[in-house]
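Step one of this worksheet: look at the structure below.
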Protein chains: 2
Amino acid sequence: MHYFSIMSENEICSWLTKQLRLYIPVTDEDAVNIAALFRCRKVGKGEFLLKEGQYGDWWGFVYQGLLRSYSHDAEHAEYTNAFFKEESFTCELVSFSGAAVSQTNVVALEDSLILCLDKKNLDSLFRNHPDFERFGRLLYEKILVSYKQRNLFRVRLNARERYLHFLKNEPELIKRVPLKYIASYLSVTDTSLSRIRRKMQQSVR
Amino acid sequence: MHYFSIMSENEICSWLTKQLRLYIPVTDEDAVNIAALFRCRKVGKGEFLLKEGQYGDWWGFVYQGLLRSYSHDAEHAEYTNAFFKEESFTCELVSFSGAAVSQTNVVALEDSLILCLDKKNLDSLFRNHPDFERFGRLLYEKILVSYKQRNLFRVRLNARERYLHFLKNEPELIKRVPLKYIASYLSVTDTSLSRIRRKMQQSVR
DNA sequence: CTGATTTCTTGCCTTAAGACAAGCGCAAAC
DNA sequence: GTTTGCGCTTGTCTTAAGGCAAGAAATCAG
């Protein structure tokens with residue numbers, strides 16, 4: 001499955017470079033300097049990468065593992081915002097901007113390794129590498145598109161369609177995430193999701 | 001109310017500079033050069049700033065007026081994504097990135113003036129003014145935060161709470177936008193919104 | 001293996017919101 | 001003025017999804 005490996009400087013550097021080069025050119029020399037600003041955080045299954053009330057003043061890239069971001073509604077029920085698997089970017093932008101503490105928890109569903117870049121280091125990168133500012137802009141642009149798509153699909157589809165959409169687009173997560181969290185991600189109760197699944201099985205037979 | 005004025009170069013420049021300086025420093029000289037890349041679009045009430053199937057390859061800043069962004073769900077019902085009033089930023093990022101044509105329409109609810117920056121001009125700004133890249137990053141960061149907040153409130157609140165939230169946060173729009181569009185923005189039918197309003201009035205008496 | 005905890009399913013009943021259709025009030029167009 | 005159309009309300013009926021509670025199945029800990 002997913003092992004809890006220890007990373008060498010070299011591994012970190014080459015992995016990060018690969019991510020950065022999806023958006024901007026990076027010289028091998030710059031890559032080393034940039035990678036040096038990251039720190040690697042281990043988060044064991046059930047442990048928290050970020051808790052409500054803390055400031056999430058860093059960018060994170062999931063190298064290995066799987067995490068779940070959730071918050072609470074007025075009635076204290078949990079609501080799953082997102083899952084972060086390998087190569088996912090994670091940042092609690094509300095608290096990142098420093099305006100307020102995080103209302104969101106990020107907990108590991110599997111033992112995970114996250115490469116984190118603290119805001120102060122990030123700011124120095126922005127100052128010293130104009131290309132990095134570009135990386136940030138492009139990264140945010142991509143996330144905005146996916147937010148918008150998700151928002152749409154969540155509002156316009158009914159519970160069954162949302163589940164089908166998830167099945168189609170995240171087949172891998174189905175195996176790795178307990179159904180109750182998938183339910184809460186899809187804004188359904190686990191009870192309802194269970195019924196939806198039963199009906200789908202019946203219609204297949 | 002909202003007049004359909006003609007803008008001078010000077011007006012455009014000083015208004016834009018004010019917007020930019022919320023995020024980055026801009027010299028008066030740069031301001032003139034930047035403003036020259038914008039064009040001013042008039043969109044009369046009921047006319048479209050963007051239609052499904054077009055490429056929205058520009059950034060827009062609403063100088064005056066009010067617009068509504070909407071798309072269609074599977075059953076061809078309308079769904080309102082957003083309202084853009086004075087000082088709002090509007091960009092159809094899905095089609096901006098060039099990946100696909102817009103699935104979204106943007107129509108004017110009032111006569112409007114929008115300052116538009118075409119993607120090719122935007123790209124040249126990004127290349128020549130590193131600060132502008134920063135502006136883009138910060139702008140996107142802010143929008144991401146508001147998307148996330150909106151997503152949360154839309155999923156976690158029931159119809160009545162969503163309406164109350166809107167009342168509290170957008171009191172001005174209530175007066176300027178027909179209720180049926182507010183309903184569709186809140187993911188309720190106009191019928192249900194009407195009932196919600198009646199119940200609220202009854203409980204006040 | 002055994003007991004405990006968590007995850008998932010199911011039945012019964014309730015409820016929030018939608019579908020449809022009729023009608024009212026108002027403002028613009030003729 | 002009358003007519004037309006739009007925005008909003010209301011009544012009746014239907015439906016998708018939730019609340020609660022019990023139990024099955026799977027997983028975990030000792």
(message) Over all strands shown, is A:Thr191 touching base, sugar-phosphate only, or nothing at heavy-atom distances under 4.0 angstrom?
(response) base
(message) Looking at A:Arg198, I'd like to know whether one of its side-chain N or O atoms comes within less than 4.0 Å of OP1 or OP2 on C:dT10.
(response) yes
(message) Which label fits A:Phe61 and A:Phe89: parallel for a plane angle under 30°, tilted from 30 to 60°, or perpendicular past 60°?
(response) tilted
(message) Could you tell me how far apart B:Asp190 (CG) and D:dC6 (C1') are, to the nearest whole angstrom?
(response) 12 Å
(request) Kindly point out which of D:dC8, D:dG11, C:dA17 is positioned nearest to the side chain of B:Lys180? (result) D:dC8
(message) So A:Ser194, base contact, sugar-phosphate only, or nothing? Heavy-atom distance under 4.0 Å.
(response) base
(message) How many whole angstroms separate atom CZ of B:Arg160 from atom P of C:dA16?
(response) 11 Å
(request) Please tell me which of B:Leu179 and A:Asn158 maps to the more 5' nucleotide of DNA chain D, matching each residue to the nucleotide holding its nearest heavy atom. (result) B:Leu179
(request) Kindly say whether A:Leu93 contributes a backbone atom to a donor-acceptor pair with the side chain of B:Glu141 at under 3.5 angstrom? (result) no
(message) When you measure from the side chain of A:Arg137 to the backbone of B:Tyr140, do you find a donor-acceptor pair of N or O atoms at a distance under 3.5 Å?
(response) no
(message) Any N or O donor-acceptor pair under 3.5 Å from the base of D:dG19 to the side chain of A:Arg195?
(response) yes
(request) Can you tell me the distance, in whole Å, between the CZ atom of A:Arg176 and the C1' atom of C:dT7? (result) 19 Å
(request) Starting from P on C:dA27, measure out to NZ on B:Lys45 and report it in whole angstrom. (result) 13 Å
(request) Check whether NZ of the Lys or CZ of the Arg B:Arg68 lies under 6.0 Å from the centre of the six-membered ring of B:Tyr181 and within 45 degrees of that ring's axis. (result) yes
(request) Take atom CD of A:Gln201 and atom P of C:dT10, then tell me their distance rounded to the nearest Å. (result) 8 Å
(message) What is the distance, to the nearest angstrom, from the CD1 atom on A:Ile182 to the P atom on C:dT9?
(response) 11 Å
(request) Round to a whole Å and report the spacing from CZ of A:Arg197 to C1' of D:dA17. (result) 17 Å
(request) Would you please classify the geometry between the B:Phe132 ring and the B:Phe135 ring as parallel, tilted or perpendicular, with 30° and 60° separating the classes? (result) tilted
(request) Check the distance between C:dA17's C1' and B:Glu161's CD and give it to me in whole angstrom. (result) 14 Å
(request) Between A:Thr189 and B:Tyr181, just flag the one whose closest nucleotide in DNA chain D comes earlier from the 5' side. (result) B:Tyr181
